Amino acid sequence: MNNNGTVATLLRIFPYAKKALPRISLGMGAALAGQMFALSIPQFLLHLVNSLASHGTIAKLIPLVLLVLLMGALEACMTLLRRWFVLTPGTHVEAGLRRSLYAKLQDLPISFHDRWPSGQLLSRVTGDLSLIRRWLSFGLVLFIANSITIVIGLAVLFSFHWILGLIFLVCSVPIWFRGYRFEKEYHTVARLSQDQAGDLATSVEEAVHGIRVLKAFGRGDFMAGKFATDADSLLKTELKKAGLSANILIYLILVPEFAVGLSLFAGVWLVASHQMTVGALVAFFATATVLRWPTESVGFLLSMTQDAKTAVERFFEVIDAPVDITDPEQLQTITKPLGRLEFKDVHFRFADTAADKPDLLRGVNLVLEPGESVALIGITGCGKSTLTALTTRLYDVTGGQVLVDGIDVRDLSREELRSHIAMAFEDATLFSASVRENVLLGNPDASEAELKQALEIAQAQFVYELPEGLETRIGEEGMSLSGGQRQRLALARSVAAKPEILVLDDPLSALDVDTEAMVEAALRTVLSTTTALIVAHRPSTVQLADKVALLEEGRITAFGKHSELLATNAHYRYVISSLDEEAAK
Amino acid sequence: MTMQGVQGEERTDLTKAESREIRRRSLRLLSSLVKPIRARLGIGFVAITIAQALRVAGPTLIALGIDQALPAAMKNDWTPLWLVAGAYLLSAIVTAVLQSFFIQYAARTNQNVLFDLRQRIFKHTQRLSIDFHETYTSGRVISRQTNDLDSIKELLDSGGNEMIAGLLSMIFTGIALMAQNQGAFGILLISFIPLGFLTRWFQKNTKLEYRKTRVASARLIVHFVETMTGIRAVKAFRKENANQEKYDVLVEDYRYVNARVIQLFGVFDPGLKMIGNITVAAILFIGGSQVIHGDLGLGVLTASILYARRFFDPMESIAMFYNAYQSAGSALEKISGVLEEEPSVPEPANPVALNNPRGHLAFNDVEFHYANGKTVLPPFNLDIPAGQTIAMVGTTGAGKSTLAKLVSRFYDPTHGAVTLDGIDLRSIANDNLRQAVVMVTQEAYLFSGSVAENIALGKPGATDEEIVAAAQAVGAHEFITSLPDGYNTDVNKRGGRVSAGQRQLISFARAFIADPAVLILDEATSSLDIPSERLVQIGLQTLLAGRTAIIIAHRLSTVSIADRVLVLEHGRIIEDDSPAVLIAGTGKFSKMHKAYRDSLV
């Protein structure tokens with residue numbers, strides 16, 4: 001939080017701004033030149049006033065006025081140049097940062113996304129990045145140019161008379177002290193405010209995504225109350241920020257004006273005692289006026305710098321996050337994919353599991369031979385979904401191995417691995433795109449016939465009746481479709497991917513009995529040739545599979561045919577059968 | 001095409017009439033925001049007026065110093081100098097203090113406005129009906145509440161104060177100049193002509209561009225949010241590259257329109273400076289000639305130049321304000337559009353109180369079809385006595401969910417009325433209705449926070465004992481206590497660590513604790529495993545005692561606890577009787593039940 005910290009933090013952004021740096025430096029030069037032209041105007045005034053004081057003529061006046069005009073015009077041109085130099089490159093830097101952040105976020109493992117509310121990510125990709133852009137192309141440029149201007153201006157003030165210069169220098173001391181303290185205090189508050197803004201964005205997101213629950217329970221007002229509390233904390237932080245800004249502004253306004261007041265006294269005295277000309281006094285005041293804006297701007301430039309620093313920190317919190325699921329250095333490929341899936345002594349625990357708790361998976365051993373389909377059974381929360389997520393490395397095992405055709409999944413590129421295995425999740429995610437694009441997500445080059453077949457297998461022919469058939473855009477998250485329809489599209493998607501291995505996480509839970517029966521009948525044809533791991537809750541789904549594996553206490557405790565397990569395994573009976581049997585009686 | 005509400009929101013090519021209407025709408029919103037803070041604005045205005053007036057007095061005091069105090073000092077009369085310099089110092093102090101006060105004061109005012117607006121949008125989007133959310137998409141609602149609000153915040157934060165201060169400074173400087181040097185003032189007036197043209201040019205060009213930036217940024221956000229919420233599917237289906245390509249295009253679109261806007265400003269600002277500097281030179285020339293002719297003191301000339309320079313000083317911040325204003329203006333257009341949307345399921349104006357609801361439901365000549373005219377439920381009548389448990393079966397799309405949504409008033413019927421204890425649902429206050437009727441859907445959304453908080457959502461202020469009791473009743477207690485922090489476990493984003501079945505159990509507990517007279521379960525057990533479902537079934541028997549229940553389930557096992565079964569097909573109730581009678585019969589349900597039994601082992 002000291003000076004070094006600020007500089008070091010902000011410096012980290014420069015690799016991303018490399019291309020823009022030459023133009024930003026040029027912009028700085030233009031800004032400085034503009035200020036210098038402005039500063040030179042009082043020098044001409046000095047001569048002008050002195051010549052007027054000693055009975056000047058219009059003839060003498062004209063060239064000096066023209067010079068002042070020229071300087072003024074140059075100053076304006078320099079402003080144009082400065083903006084022209086920095087603005088476009090600034091937007092490129094911002095766009096670059098925005099792309100890197102997104103790429104990184106897509107690369108980061110699921111465990112990262114589990115931890116980070118997307119509102120916090122959203123506020124980083126929008127507000128924070130535009131802050132950085134403005135700082136780079138405006139704050140930084142002006143901060144340096146204005147600081148130099150102030151120093152040079154001070155020297156110019158000294159040149160009129162050392163007493164007047166000294167008055168300004170001495171008066172400015174409190175600004176430096178305040179500025180230092182301001183920087184430290186402001187940073188804390190700036191960080192808090194940006195984090196709170198992220199929290200608020202999260203609340204907004206959740207309230208929108210959970211709108212049905214809120215409506216069903218009539219908790220809109222309750223949520224609005226919570227939102228108000230959050231918004232109120234942000235408000236208080238913003239007020240604190242404003243208080244700090246106001247505090248430093250007092251100094252930034254008062255000091256130059258106070259110095260001018262003192263100089264008025266001293267200057268008149270100096271002129272009266274013939275130690276200085278009237279022209280110099282006028283020029284002195286004109287110079288002080290030119291310096292007024294650069295001095296006052298220091299305040300908001302400082303706060304802008306702190307805001308940018310915080311934004312940079314927040315940016316790097318994501319960029320620096322370790323991607324612990326990466327492609328291996330020594331890539332292996334499966335030359336002739338068969339679709340053999342093997343879990344070998346697989347252990348898994350979530351990173352934040354308490355030390356005294358056992359692993360979620362404690363040595364899972366399971367082999368799916370090519371073309372074999374296995375139903376995975378177990379009570380809620382026993383780790384079935386987690387086990388399926390290990391196959392495509394949404395998570396990595398913490399012990400043991402997952403092997404595809406004998407190769408550890410960690411030795412394959414993620415791209416290749418995920419082309420061999422297609423998944424259908426419990427909560428079917430659809431993207432804002434056409435039905436066609438959604439279904440062909442894993443296999444964009446599929447033929448029309450393959451698409452049709454996938455839709456048939458998943459009993460998703462309803463899409464043909466949508467307003468624009470296959471080209472109908474399904475709303476974000478497929479909101480306008482029912483749960484069952486979404487699930488069938490997600491199933492069609494995994495089938496259309498034509499993988500060697502299908503991993504289906506309770507793929508039929510939202511379907512009604514009739515549809516389920518039809519899907520199952522159609523799926524059987526696919527499953528006869530495809531290796532499949534199917535998480536199932538119902539006997540009907542279980543019967544899709546050749547074999548059943550029972551997951552219990554983190555291990556596979558039974559493996560075999562449904563009827564065998566039913567006859568021999570009490571836990572299996574407990575998990576799969578009792579209720580429905582009772583109901584059937 | 002109309003621009004009512006959020007329609008045509010993505011269009012940027014508005015006709016004059018549409019533009020005017022939208023501007024009016026934004027202004028109405030703005031004035032309604034400003035209304036409650038008029039008094040505060042007044043006080044702030046007074047403070048800043050005094051501060052600026054004193055500040056403008058500066059050059060006049062310098063002029064006095066040079067023209068009056070200097071000659072007096074030469075005659076060894078120091079009194080005028082003391083007075084002038086003293087006055088300058090005093091005005092400097094008062095200015096700084098007032099200015100600083102104004103900033104804090106204005107910040108509070110701005111933040112209040114922002115707070116007000118935030119709340120309004122949040123509450124309004126909560127009020128809007130499900131059909132709005134289904135078509136508008138969540139990403140856009142989020143974009144309205146984040147990005148668009150940010151640009152309004154920016155306007156208030158930086159722009160507002162400086163603009164008022166700047167305008168006042170210009171007015172006072174102009175007056176001071178007029179009082180001291182009419183010639184110089186005349187030149188200042190002439191400079192207004194090019195100033196006007198420049199501003200008009202800027203205004204015309206930016207308006208369109210800003211609208212484009214709002215649209216571009218909303219698209220960016222929608223895509224971003226969708227990727228992050230669907231990250232599992234993105235990874236599993238290797239959508240990263242396609243995503244990145246699409247995103248890069250959106251980023252570039254946004255960058256491009258943004259750069260266009262900034263470039264316009266990059267011409268506007270130097271233009272202002274140019275006009276200002278030319279004016280200063282002209283005043284210098286006129287003033288200089290006046291001094292040569294002996295019409296003007298050197299001090300007044302100095303003051304004139306200082307004033308002329310100062311006059312244009314605030315132009316930059318005013319231009320920036322204007323810039324922010326244009327940007328915020330487009331955001332305000334979008335926000336006012338959302339606020340203009342009316343819930344299709346409105347709150348009654350004169351609600352009828354529903355006390356101690358018993359749960360008697362009746363559908364009288366109810367008919368429902370979508371806005372596009374597609375009929376979901378043809379006219380029908382149905383009476384559900386208080387305390388009855390109804391099971392609804394039928395294929396997907398038969399209208400079961402729609403019927404349930406009519407009872408929970410997610411939709412209103414197109415014709416006819418749904419009544420609860422004889423009262424039309426449309427005349428029951430929303431809060432009142434939600435206490436009486438609760439619906440649990442298949443999509444068990446969990447909010448960030450602890451498990452306990454998520455359960456307590458059904459009954460804010462519930463005690464720990466009540467929460468545990470609810471969890472026990474639905475059979476969720478066991479798995480909750482096995483979570484890392486038990487009931488205090490953070491469920492994380494979208495229930496990352498809690499399985500779908502567990503989420504359903506939690507949302508079941510949520511419904512249990514709400515203790516409604518009418519409970520609707522729409523596929524609420526679809527992801528449960530059988531042991532859990534068994535527990536839920538046992539829980540349901542106690543839970544449903546004494547209340548009306550509508551259960552939609554694909555698994556016929558649920559039917560066993562129902563008093564009555566409704567079979568729906570194509571929106572019509574084709575069978576309606578007790579389960580035993582239907583099973584014994586030869587109808588659709590009997591067939592379904594037989595097929596279902598055959599599916600069991």
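Since we're looking at a predicted model, the values are computed, not measured. Convention: sequence-line order gives letters A, B, ...; per-chain numbering from 1.
Within the 3.5 Å criterion, the main-chain N or O of A:G220 finds no donor-acceptor partner in the side chain of B:K123. Looking at A:R83, its side chain never comes within 3.5 Å of a backbone N or O of B:Q263 through a donor-acceptor pair. Although no hydrogens or angles enter the test, the distance criterion places no donor-acceptor pair under 3.5 Å between the side chain of A:E75 and the main chain of B:K273.
Taken from CZ in B:F447 to CE in A:M223, the straight-line distance is 4.5 Å, to the nearest 0.5 Å. Atom CG of B:N112 is separated from atom CG of A:L239 by 7.5 Å, given to the nearest 0.5 angstrom. Taking CZ of A:R212 as the start and CE of B:M439 as the end, the distance is 8.5 Å to the nearest 0.5 Å. One finds the CG atom of A:L235 at 5.0 Å from the CD atom of B:Q111 (value rounded to the nearest 0.5 Å).
In this structure, chain A has a heavy atom under 4.5 Å from the backbone of B:S482, while its side chain stays farther away.
A 4.5 Å side-chain heavy-atom check between A:T392 and B:K235 finds every atom pair outside the cut-off.
With respect to the salt-bridge test (charged N to carboxylate O, under 4.0 angstrom), the residues B:R232 and A:D114 qualify.
Partners of B:R255 under the salt bridge (charged side-chain N to carboxylate O under 4.0 Å, His left out) rule, at least two apart in sequence or in another chain, are B:E252. Legend: residues meeting salt bridge (charged side-chain N to carboxylate O under 4.0 Å, His left out) with B:R510, ordered by chain and number and at least two apart, are absent.
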Report the C-alpha distance between A:F265 and B:L89 in whole Å, list the side-chain angles of each, state the deciding distance to 0.1 Å, and finish with yes or no for side-chain contact (heavy atoms from CB on, under 4.5 Å). CA-CA 10 Å; A:F265 187 85; B:L89 289 179; over 6 Å; no

